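Each remark here refers to the structure printed beneath this line.
Note that the coordinates shown come from a computational prediction; the quantities given were computed from them, not determined experimentally. Each chain gets a letter, A, B and so on, in the order its sequence line appears, and its residues count up from 1.
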Protein chains: 2
Amino acid sequence: MDESAQVTATTVVDAGPSPSMGQPLDAAEELIQLSRIVQDIHARISQRHGLPPVQAKLLCVLAFGPRGMAELARCFGVEKAALTGLVDRAERRGFVSRSPVTGDRRALRVTLTSSGHRAAAAFHTDAAAELNQLLSPLAPSDREDFRTALAKIIATRGQPHSPTEAG
Amino acid sequence: MDESAQVTATTVVDAGPSPSMGQPLDAAEELIQLSRIVQDIHARISQRHGLPPVQAKLLCVLAFGPRGMAELARCFGVEKAALTGLVDRAERRGFVSRSPVTGDRRALRVTLTSSGHRAAAAFHTDAAAELNQLLSPLAPSDREDFRTALAKIIATRGQPHSPTEAG
DNA sequence: TATTGTTATACTCTATAACTATA
DNA sequence: TATAGTTATAGAGTATAACAATA
């Protein structure tokens, strides 16, 4: 009878057209929806470039310079064993290469190939364009305010753990 | 030497502590970061409840009422074959059940069990709390403005296709 | 002992294609 | 023919655990 009594649209992450459309959204739901839109854009552009989303992410991280496997695992928030497979697939496609690290014979350095650089740049161009487009419905001053709020939220949560300068 | 020339932090979706921290972020990067934070919250709370994120999403969608397989597939933006497996796993854990639809002998209706309802409600409570918490660094009036902007962005993109009233 | 990376195994999620049954 | 759902197969992504080599 009233299955909807306890659960609102809030937690319907990424669910597209939801059964509760038409009601005003609460803050949590709005955040979820924005998140969905951003992820969808990322996924769609990845696909357009023939890359699984995580591979696109990998290329973009490596565009800043070579990284070690463990460093990448921390950066992605996954186990190191997952990185082995991730890098395997990227290497198989010619986007990255593993090379030894002088001074630590256990370590490997993952580097973008020139093909990987091209793929990363092409992906980035498209993604940045579409994401920036997202703010176009806002008036310039509103856009400023929105970004200020966004920055405040991000600063409060995403505490970066000073990355190693390696590379 | 300058691998970072072409690709900015923008497209580093979900990359956690990025190599470019400390520089001011552009709008696209901010959107990506917020998206990462929201998804991380969802994933973490799903895990806390012993659910893969997509399973949590399924429970929350079904909390509004039963849905057909094809309806769920459209809602999730995946192929119907993927739904079969998704519902299989949820059914195996006792969260949902399939039942016939009178009037269309091809169709199945997926319904939350009482166990599924409890899981959905518990998950939702946690998720809504943490997501709303995200806006706490904003002053009340800023929060209003932020949500207004958010709503405008969402309205411009996420065009809901009036869902079937079925249930 | 701790760290770096790999292998082995298993599970979830997804796509594609071929199939059945019903509309 | 079109739609609802399943099965089969393949692949990506992830976790855990056990392992090797090095620090």
When rounded to the nearest 0.5 angstrom, what distance separates [atom1] in [X] from [atom2] in [Y]?
{"X": "E30(A)", "Y": "I32(A)", "atom1": "CD", "atom2": "CD1", "answer": "11.5 Å"}
{"X": "R48(B)", "Y": "D126(B)", "atom1": "CZ", "atom2": "CG", "answer": "5.0 Å"}
{"X": "R106(B)", "Y": "M69(B)", "atom1": "CZ", "atom2": "CE", "answer": "14.5 Å"}
{"X": "K152(B)", "Y": "L134(A)", "atom1": "NZ", "atom2": "CG", "answer": "14.0 Å"}

Begin from the C-alpha positions of F123(B) and H42(B) and carry the test side-chain contact (heavy atoms from CB on, under 4.5 Å) through to its verdict.
-> CA-CA 9 Å; F123(B) 171 80; H42(B) 191 269; 3.5 Å; yes
Under 3.5 Å, which protein N or O atoms sit close to an N or O of nucleotides 20-22 of chain C? Give each pair with its distance.
unit_1	atom_1	unit_2	atom_2	d
dT22(C)	O2	R106(B)	NH1	3.4

Starting at the 5' end of nucleotides 6-15 of chain C, put B wherever the base has a protein heavy atom under 4.0 Å, S where only the sugar-phosphate does, and a dash everywhere else.
-> BB----SB-S
Evaluation steps, side-chain contact (heavy atoms from CB on, under 4.5 Å), between L34(A) and L31(B) | CA-CA 9 Å; L34(A) 178 64; L31(B) 288 170; 4.1 Å; yes
Would D40(B) and R36(B) pass as an ion pair if we require N to O under 4.0 Å?
-> yes
Just how far, in rounded Å, is P of dG5(C) from CD of E71(A)?
-> 9 Å
Quick one: does R143(A)'s side chain have a donor or acceptor within less than 3.5 Å of a partner on L138(A)'s backbone?
-> yes
